[in-house]
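What follows is one structure encoded as structure tokens, with my remarks underneath.
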Amino acid sequence: MSPAAHDAPPQDEKASSAVKRFLFERLGLESALALAAKKRVPVHRTTLFYFLGGMALFLFGIQLVTGILLSLYYKPSPDQAFESVRAIMTEIEYGWLFRSVHSWSANLLIGVLLLHILTTFMMRAYQRPREVTWITGVLLLFIFLAFGFSGYLLPWNKLAFCATGVGTEIAGTVPFVGSYVLLVARAGEHVTGDTLARFYSLHVVILPLAAFALLGVHLFLVQKHGMSVPRRVAEKHGGEKLVPSIPFVPHFLLRDMVGWYLALAILAALAALFPWELGEKADPFGPTPKGIKPEWYFLAMYQALKILPAQVGGLEWLPGKTVGVVFFGLCGLVVLAVPFLDVGAGRGGPRRILNFLAAVAVVFFIVMTAWGLTE
Amino acid sequence: MRPALRIIAPVALLVGAAVVLAAQEKDGAGQPPKTAPAAKLAQAPAVADDDNSCIQCHATLTDEDQKRLLVTAQDLAADVHWQKGMRCQDCHGGDPTVLEIKAHQGKDDFKTVKSAADIPEFCGKCHADIGFMRHYKPSPRTDQLAEYWTSGHGRQLKEKGDLKVATCVSCHGKAHGSGADRAKHGILAVGDLDSPVYRTKLAKTCARCHADKELMAGREYHGRPLGHDQYAKWRDSVHGKALLDKGDLSAPTCNNCHGNHGAVPPQVDSVANACGTCHGKVAKLFEGTQMRHKFEKEGLPGCATCHNAHDIVHPTDDMLGMERGAVCLQCHAETERKAKGGTLAGAEDAAKLRKSLEQLKREIELADTTLSEAERLGMEVSSPRFELRKATDALTNARSLIHTFKVSTVETALGEGSKVVVEVQQRADAALQEHDNRRIWLAATLAPILLVIVILLAYIRRMPAPAE
């Protein structure tokens with residue numbers, strides 16, 4: 001064997017580098033690799049919060065996969081919706097698993113998103129130049145809440161049917177446009193098969209498209225601006241760039257994966273030990289079942305609207321529900337506008353009012369949710 | 001013109017015209033009374049009480065011996081005849097425009113009700129006349145009078161001259177007075193909620209006489225005393241509770257079994273037919289049995305033999321078999337066989353039927369418990385739960401088929417239920433098994449996931465520190 005032949009790379013290595021060259025040349029993967037190599041994640045006391053975004057992304061991926069599998073068998077009509085979900089749970093191989101994982105994962109996702117937003121707020125990670133990242137994140141939360149609301153009706157069971165009626169009725173109390181919102185949401189005056197079709201379309205087409213678009217912008221901005229470091233940490237190390245960090249690939253990604261596997265294990269355990277129940281088929285002419293409640297993430301709002309008086313201050317033109325809906329709408333706007341309301345963010349000034357409002361909101365959410373659950 | 005005359009004049013003209021028309025038709029059959037052509041009455045302006053000489057006198061009678069002739073405006077206001085436009089003279093004749101006693105005397109057609117015995121024919125004059133009644137309804141009943149004379153009441157009145165029996169006004173009159181003295185005016189329509197014969201009030205109306213111990217004392221029908229406890233028994237029965245407590249207007253009251261105007265107690269051979277009016281399937285099954293012939297031979301009153309007559313309770317499985325509380329014991333117990341014609345074979349069949357019934361009940365209960373356990377564990381078993389209803393239906397069907405008194409027929413029906421239960425039980429067991437399998441699956445899934453996590457953590461720990 002000649003020395004030249006000895007030094008030549010083996011055949012399979014040669015082939016793989018040919019494939020690599022082919023892909024790199026056409027897909028421009030060099031820049032992606034360069035970006036991955038360049039991306040670093042700061043290491044400090046609250047680094048754990050950085051995992052929440054990746055966790056939300058992972059759960060969204062689970063939603064996509066299980067959702068696609070469910071859509072292969074689900075039939076969105078009032079005559080077949082309930083039966084098809086029952087068939088998924090009893091007749092389709094591992095159908096019970098996909099449905100339960102889909103439902104549990106949706107709930108975990110909302111929980112993770114709420115935590116993600118709360119920790120981002122705590123770290124003031126929305127400050128310049130990350131205002132749009134914050135706005136897209138909050139909009140994504142709203143979209144996932146809409147995912148939850150629309151998906152809740154799809155099994156067409158009694159609880160979902162009535163809860164959708166109540167939910168859309170609340171939307172109908174929005175001043176000026178409420179009646180139109182109600183008609184558009186229900187595809188008519190009442191919750192019917194048309195509402196089911198509309199919610200299905202919303203759940204599997206409109207919301208995913210919107211979610212992908214916003215997620216794309218959100219991830220791009222995260223990539224562009226990098227991870228935000230709390231001002232106090234940056235100052236301690238003499239600047240944001242001087243804060244110790246680890247490469248995203250592979251150091252942070254591997255740690256991320258530990259979290260994902262953990263989430264997968266939790267989902268599997270929840271699905272196997274507490275399968276998501278189906279309930280009884282919806283009966284549009286039947287009585288409203290006692291104790292109807294929305295999903296836990298709407299419970300605080302629902303409970304608050306429930307305890308509001310029919311008319312505020314005895315004024316006939318000021319229904320309690322309308323006041324509540326307008327109030328929660330304004331709350332949503334305030335959350336969206338947080339980066340602009342925190343005027344002292346850039347110079348590290350105090351944030352007393354926003355902190356107070358956030359604390360009140362968190363306490364309100366926990367107390368009202370607990371009240372709703374125990375009632 | 002004085003206001004009163006404004007009303008009297010057209011009325012007088014109308015009445016006059018009616019008299020002329022009636023005279024021309026010579027009281028032809030099927031025509032309404034002379035002074036009250038029904039169609040015209042409906043349109044005629046109501047004669048004000050002040051202008052009705054009948055009321056002017058009869059509403060103010062105070063002498064004790066004349067009180068029986070008292071008719072108040074309130075009585076008439078509620079009266080269906082008055083509401084339909086009929087006036088005093090349409091039933092009694094006479095002339096209401098004459099404000100003197102001559103109103104009675106001057107007319108040949110003046111009719112009085114001298115005793116209760118006159119009432120059926122008095123009412124029947126119109127109510128048995130299809131031509132007249134058709135003015136008010138396209139398909140009116142006109143057989144009430146004929147029926148009445150075949151009833152226990154009618155026969156007692158006609159044959160024995162018993163004036164205490166019920167006549168038309170006893171049941172249809174406003175709720176005051178009693179028996180034959182019940183108000184003769186203020187007759188309410190049957191559908192009127194206040195009518196004494198409205199479904200929910202009928203039994204109480206019958207009870208006014210039939211629960212009166214003194215009135216019923218010594219009275220009998222076909223040699224058997226009438227008794228006075230029927231209402232109390234019916235009130236506590238499944239039928240009484242359904243009608244009065246649950247408001248189920250389809251539940252039977254007195255007239256459903258005894259008839260309305262031709263009310264008589266159903267006889268031994270017709271009890272099953274009376275019950276069969278509602279319980280058609282069971283009655284038909286019973287009709288084709290040997291048991292029915294035996295009952296007739298022994299003088300036993302069909303359904304009432306086991307279920308009683310008025311105090312009918314909700315039937316339970318305890319009524320079947322040869323154990324304490326079972327109705328079969330009444331004839332098939334060893335001590336009763338000779339006297340009642342029961343047999344040992346019948347006793348064995350009864351015991352067997354009960355055993356088979358209990359067997360299916362136990363199977364259904366077990367399947368139900370297993371399904372509940374699966375539901376508690378979060379398993380989806382609504383489909384087998386729905387299927388289990390078929391077994392319950394089969395059990396209900398078998399309970400009906402007991403009235404064939406054929407073991408094979410009942411056991412075939414029970415077998416259908418058993419077949420369903422076996423399948424449901426299998427599915428319920430499979431759900432529980434599936435639940436166990438999921439735990440195994442979970443363990444099998446968690447193990448590699450946790451292993452990967454451990455490997456990842458170990459790898460991360462061994463990774464060289466990244467360059468700053």
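Labels below follow one simple rule: chain letters A, B, ... track the order of the sequence lines, proteins then strands, and each chain is numbered from 1. Predicted, not measured: the structure shown is a model, and the values here were computed from it.
Atom CD of A/E280 has 12 or fewer neighbouring heavy atoms from other residues, nucleotides or ligands inside a 6.0 Å radius. No more than 12 heavy atoms of other residues, nucleotides or ligands lie within 6.0 Å of CZ in A/R232, so this atom counts as exposed by the packing criterion. Counted within 6.0 Å of NZ on A/K293, heavy atoms from surrounding residues, nucleotides or ligands total more than 12; the atom is thus considered enclosed. Within a 6.0 Å radius of CD in A/E277, other residues, nucleotides and ligands contribute 12 heavy atoms or fewer. Counting heavy atoms of neighbouring residues, nucleotides and ligands inside a 6.0 Å radius, atom CD of B/E365 does not exceed 12 of them. In the displayed structure, B/K201 atom NZ is contacted under 6.0 Å by more than 12 heavy atoms of other residues, nucleotides or ligands. Within 6.0 Å of atom NZ in B/K281, more than 12 heavy atoms from other residues, nucleotides or ligands are found, so the atom counts as buried in its surroundings. By the neighbour-count criterion of 12 heavy atoms within 6.0 Å, atom NZ of B/K204 is sparsely surrounded, having that number or fewer from other residues, nucleotides or ligands.
With a threshold of 4.5 angstrom between heavy atoms, B/E375 does not approach chain A through any atom at all. Looking at A/Y94, the atoms closer than 4.5 Å to chain B (heavy atoms on both sides) all sit in the side chain, from C-beta outward. Both the backbone and the side chain of A/L262 come within less than 4.5 Å of a heavy atom in chain B. Proximity to chain A is limited to the backbone of B/P464, based on heavy atoms less than 4.5 angstrom apart.
Of all the heavy atoms in A/Y261 and B/I449, the pair that sits closest is O-CG2, 3.3 Å. In this structure, B/G378 and A/P275 approach most closely via the heavy-atom pair O-CG, 3.2 Å. Here the closest heavy-atom approach between residue B/E380 and residue A/L278 is recorded as OE1-CB, 3.3 Å.
Interface summary for chain A: among B/R438, B/H435, B/M379, the most heavy-atom pairs under 4.5 angstrom belong to B/R438. Put simply, of B/L450, B/L442, B/V454, the one with the most heavy-atom pairs under 4.5 Å next to chain A is B/L442. Ranking A/E83, A/H251, A/M257 against chain B, the residue ahead of the rest is A/H251, based on heavy-atom pairs under 4.5 Å. Listed options B/L457, B/T445, B/V452, B/L446 were ranked by heavy-atom pairs under 4.5 angstrom with chain A; first place goes to B/V452.
Side-chain atoms of B/S382 and A/R86 include a donor-acceptor pair closer than 3.5 Å.
A distance of 10.5 Å separates CZ of A/F252 from CD1 of B/I460, quoted to the nearest 0.5 Å.
Side-chain contact between B/M463 and A/L254 is present, with heavy atoms from C-beta onward closer than 4.5 Å. Side-chain contact check for A/R255 versus B/L456: every heavy-atom pair is 4.5 Å or farther apart.
The aromatic rings of B/W441 and A/W96 sit perpendicular to each other, their planes meeting at more than 60°, with 30° as the lower class boundary.
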